[in-house]
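Okay, structure first, notes after.
All values reported here derive from a predicted model rather than from experimental measurement. Excluded from the calculations below are hydrogen atoms, water molecules and symmetry mates; all remaining heavy atoms, backbone and side chain alike, are included. Numbers restart at 1 for each chain; the letters A, B, ... are given by sequence-line order, proteins then strands.
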There are 2 protein chains.
Amino acid sequence: MTHHPDHEDAVSQARLREVDSPSSPVERFGVDEPLVLDAGRTLAPWQIAYETYGELNADRSNAILVCHALTGDQYAASTHPITGKPGWWSLMVGPGRPVDTDRFFVICANVLGGCAGTTGPASRDPEGGRYGLKLPVVTIADMVRAQAMLIDRLGIDTLFAVVGGSMGGMQVLEWAASYPERVFAAVPIAAGARHSSQNIAFHEVGRQAIMADPNWRGGRYLEEGLIPKKGLSVARMAAHITYVSEEALHSKFGRALQDRDQITFGFDADFQIESYLRHQGSTFVDRFDANSYLYVTRAMDYFDLAIDHRGVLANAFRRSPTRFCVISFTSDWLFPTKESRNVVHALNAAGANVSFVEIETDRGHDSFLLNEPELFRVTRGFLTGAAHVRGIEPPAADPDAE
Amino acid sequence: MTHHPDHEDAVSQARLREVDSPSSPVERFGVDEPLVLDAGRTLAPWQIAYETYGELNADRSNAILVCHALTGDQYAASTHPITGKPGWWSLMVGPGRPVDTDRFFVICANVLGGCAGTTGPASRDPEGGRYGLKLPVVTIADMVRAQAMLIDRLGIDTLFAVVGGSMGGMQVLEWAASYPERVFAAVPIAAGARHSSQNIAFHEVGRQAIMADPNWRGGRYLEEGLIPKKGLSVARMAAHITYVSEEALHSKFGRALQDRDQITFGFDADFQIESYLRHQGSTFVDRFDANSYLYVTRAMDYFDLAIDHRGVLANAFRRSPTRFCVISFTSDWLFPTKESRNVVHALNAAGANVSFVEIETDRGHDSFLLNEPELFRVTRGFLTGAAHVRGIEPPAADPDAE
């Protein structure tokens, strides 16, 4: 049965095509190659969708895995198949960019639980229909385990680097903790080793907004041809506030009015910030699945690397051969610098090789996605130095030029 | 027509009784006593519900108006008629308390647009039914104008003091700006002279959550016997996060689990913070009206005292005879100290008599409602000193004892 207007139907169909058969490459794992989940269950068959940029060198030593954030996808440096927008990290990843695809082979995979081609709640359930809430809840470690199986399939033993911001940074830390011998260098950006109480609170607001939408139907909306648009939009609006700093909102919008000279004494979007937030909400629902939002926020909430290592974070990194570059932003209030500093202290306590940079910016958590020259300089410098140690050839035109 | 279960009906009926005929005193203004609104319209008839504590002295000089915050009411120091809980400021207001009802005559009125007996969107529309969105949008200045008409009716010319936190503090500032000769002393706490972009953003999320609830019915839910419970609950959850500090959430909840030893790999409230937030949301809907939430948040968003005074905040306070005590809290991120400091700078520029105290606490914005000894000490000290200047007799038992 269907209740929705045609536009929703078209958007929904386009998204479901990407879920089943993404525009990017996809690796499929059969019933004999199950993914073992922290929830105590296995998933099979399952699939993982990914993009690659650059070329794998002869000794397979130049692969960088880029890990995406909550609502990201594999299209780090390529056009998004639904929105038509440039890749979410095209400033960071590409020829001559800090993550230089002339030198490195870059892999970016959609996370487990996502909705861009890797198995998630919108995927077909082998028992019929689509998973919805029948998919087991997944964790950051599950996402990383899935990526490791992809890396195996691609014939790569050791990653030169794992790089990512926000939830991507959580995956970086999990990679280093779970597969220390497979990670030469790690760059967790604007992240932490656990999700704070306040962050769980914001996620819970978003989940409640989604589940309050009558179109959510206990998670079975895809079966019924519906989209819990309003709930997902509210969830995105609430989350978006946490991605930017108060200073950035103030300098970008202040109390400026939207296309009007005076307040209208009503509930329309009088203020630019209101109009901006509504836009963030309404465009998000066209590209993201509501149940995936539940699953991926839950994975972040559950992340607590210390708990997984007998309560001591340093245990996660004992005898780690990985070299780390931990990066935070001064105005990030979602993952404030103290979260990164906790990671650095643990790495130091574990005797790991670590450098730490706090970047001064007023643009908040989302700085890792923006044009932040200092972020690019630090990332480029760290990767170039590590590549030299690792013996990865510089690009022909640029012999490690400083 | 009615769609709701019996409990909602009972709660809804109890709330509507309070809207029409509150448990507290109420002053009614007839069609010949209209309230002039900033929206360019008038409201008549209208009513204002209030509580008083203590006794007005012979020369009517000892009256203190207490202004409540977004979801507060007139029951500052008396039992709430619906929840049965103690007054929201019973730590601050009462015999021997900082706002000492043995010495002062304390008035607290429900704000215009509220839902505890003062005219608001849940009130009866003289043209039939209940207002809903037909009520003009109101402002902080409108709320204060309504309070001034109440004070007139009570035969009080000059208030000894106006005191309030958060939106209550906005009213305090508006009182001092609109009626400087009628305010001897002013105590704005955890407030500012305008609502910031980030604060508007959080309010907009809340409003969108309410308006996304299909039970909201374009604001006509009361007519249809419905309550947009889920939307209002999500709005409250989002707002509640802003009332507390990250430190307070961390120390109170951290990542502690709720009545379980392990995460459940599901979407129940595994974490205490989730359970706590859900409780905040669900209890709120029993005592507050969804449309009132729209109106009162809008009034806060519209507040910008500088804009009302040719763009210069100091103009609002030129030649002010009022003595001010401005109070902020270090961990308040909804109205951070810089907002109070802006007010203090303007007061200084206007040549006003002002003292400013930033109180060190990790409990965030809601500190003004909590047991904060330093807040009580500062408020008591300021009011006692001002009362001495004003010639208000100390209580018999306590001759201004230090």
Side-chain angles (χ1 to χ4, degrees), chain A residues 37-41 133 136-139 194-198 200-205 207-209 211-214 229-231 233-234 237-238 240-241 244-246 249-250 252-256 263-267 269-274 276-278 281 294 298 301-302 304 307 333 336, chain B residues 37-41 133 136-139 194-198 200-205 207-209 211-214 229-231 233-234 237-238 240-241 244-246 249-250 252-256 263-267 269-274 276-278 281 294 298 301-302 304 307 333 336:
Chain A
L37 302 176
D38 281 346
R41 295 167 61 184
L133 296 200
V137 164
V138 300
T139 65
R194 51 140 208 217
H195 218 217
S196 74
S197 192
Q198 190 179 68
I200 295 171
F202 277 112
H203 276 174
E204 174 66 4
V205 167
R207 286 189 295 261
Q208 290 294 318
M211 297 193 280
D213 190 322
K229 249 181 128 141
K230 290 181 175 178
S233 177
V234 168
M237 289 173 67
H240 192 83
I241 302 174
V244 289
S245 68
E246 200 273 333
L249 284 180
H250 179 67
K252 190 166 178 183
F253 302 110
R255 296 179 46 85
I263 55 174
T264 61
F265 294 99
F267 299 106
D270 272 3
F271 296 103
Q272 286 178 9
I273 175 64
E274 294 176 300
Y276 168 77
L277 269 190
R278 289 183 191 186
L294 302 182
R298 205 50 167 161
D301 291 354
Y302 279 169
D304 188 345
I307 285 288
W333 61 276
Chain B
L37 301 177
D38 281 346
R41 294 166 63 184
L133 295 201
V137 164
V138 301
T139 65
R194 51 143 208 214
H195 218 217
S196 75
S197 193
Q198 189 180 68
I200 295 172
F202 276 113
H203 277 174
E204 175 64 3
V205 168
R207 285 190 295 262
Q208 291 295 319
M211 298 194 279
D213 190 321
K229 249 179 125 142
K230 289 182 175 176
S233 176
V234 168
M237 289 172 66
H240 192 83
I241 302 174
V244 289
S245 68
E246 200 273 331
L249 284 179
H250 179 67
K252 191 167 178 182
F253 302 109
R255 296 180 47 84
I263 55 173
T264 62
F265 295 98
F267 299 105
D270 272 3
F271 296 102
Q272 286 179 9
I273 176 64
E274 296 176 300
Y276 168 78
L277 269 190
R278 290 183 190 187
L294 302 181
R298 204 51 167 159
D301 291 354
Y302 277 170
D304 188 346
I307 285 286
W333 60 277

Heavy-atom proximity to chain B below 4.5 Å, by part of A:Y276: neither
Parallel, tilted or perpendicular: rings of B:W333 and A:W333 (30°, 60°): tilted
Min side-chain heavy-atom separation B:F267-A:L133 under 4.5 Å: yes
From CZ (B:R207) to CZ (A:R278), nearest 0.5 Å: 8.0 Å
Contacts of type salt bridge (charged side-chain N to carboxylate O under 4.0 Å, His left out), residue B:R298, not counting sequence neighbours: A:D270, A:E274, B:D301
Close side-chain approach of A:I200 and B:R255, heavy atoms under 4.5 Å: yes
Within 6.0 Å of NE2 in B:H240, more than 12 heavy atoms from elsewhere: yes
Engaged part of A:P214 at the chain B interface, taking heavy atoms whose separation is under 4.5 Å: side chain
Contact winner vs chain A - B:I241, B:L249, B:V234, heavy-atom pairs under 4.5 Å: B:I241
Proximal component of A:T139, with respect to chain B [non-hydrogen, under 4.5 Å]: side chain
Separation of B:S245 OG from A:Q198 CD (nearest 0.5 Å): 8.0 Å
Which residues share a ring pair (Phe, Tyr, Trp, His ring centres under 6.0 Å) with B:H203, sequence neighbours left out: B:H195
Contacting moiety of A:L277, where chain B heavy atoms sit under 4.5 Å: side chain
Pick from A:G266, A:G281, A:S196 with the largest number of heavy-atom pairs that fall under 4.5 Å of chain B: A:G266
Chain A interface, residue from B:A201, B:A256, B:G231, B:S233 that has the most non-hydrogen pairs under 4.5 Å: B:A201
Leading residue by heavy atom contact count with chain B [cutoff under 4.5 Å; candidates A:T264, A:V205, A:V244]: A:V205
Heavy-atom pair of closest approach, residues A:F202 and B:F202: CE2-CE2, 3.6 Å
Closest-packed option against chain B by number of heavy-atom pairs under 4.5 Å, given A:M211, A:E246, A:K230: A:E246
A:D38 CG to B:I263 CD1 distance, which is reported to the nearest 0.5 Å: 7.5 Å
A:I307, part contacting chain B, at a heavy-atom distance under 4.5 Å: neither
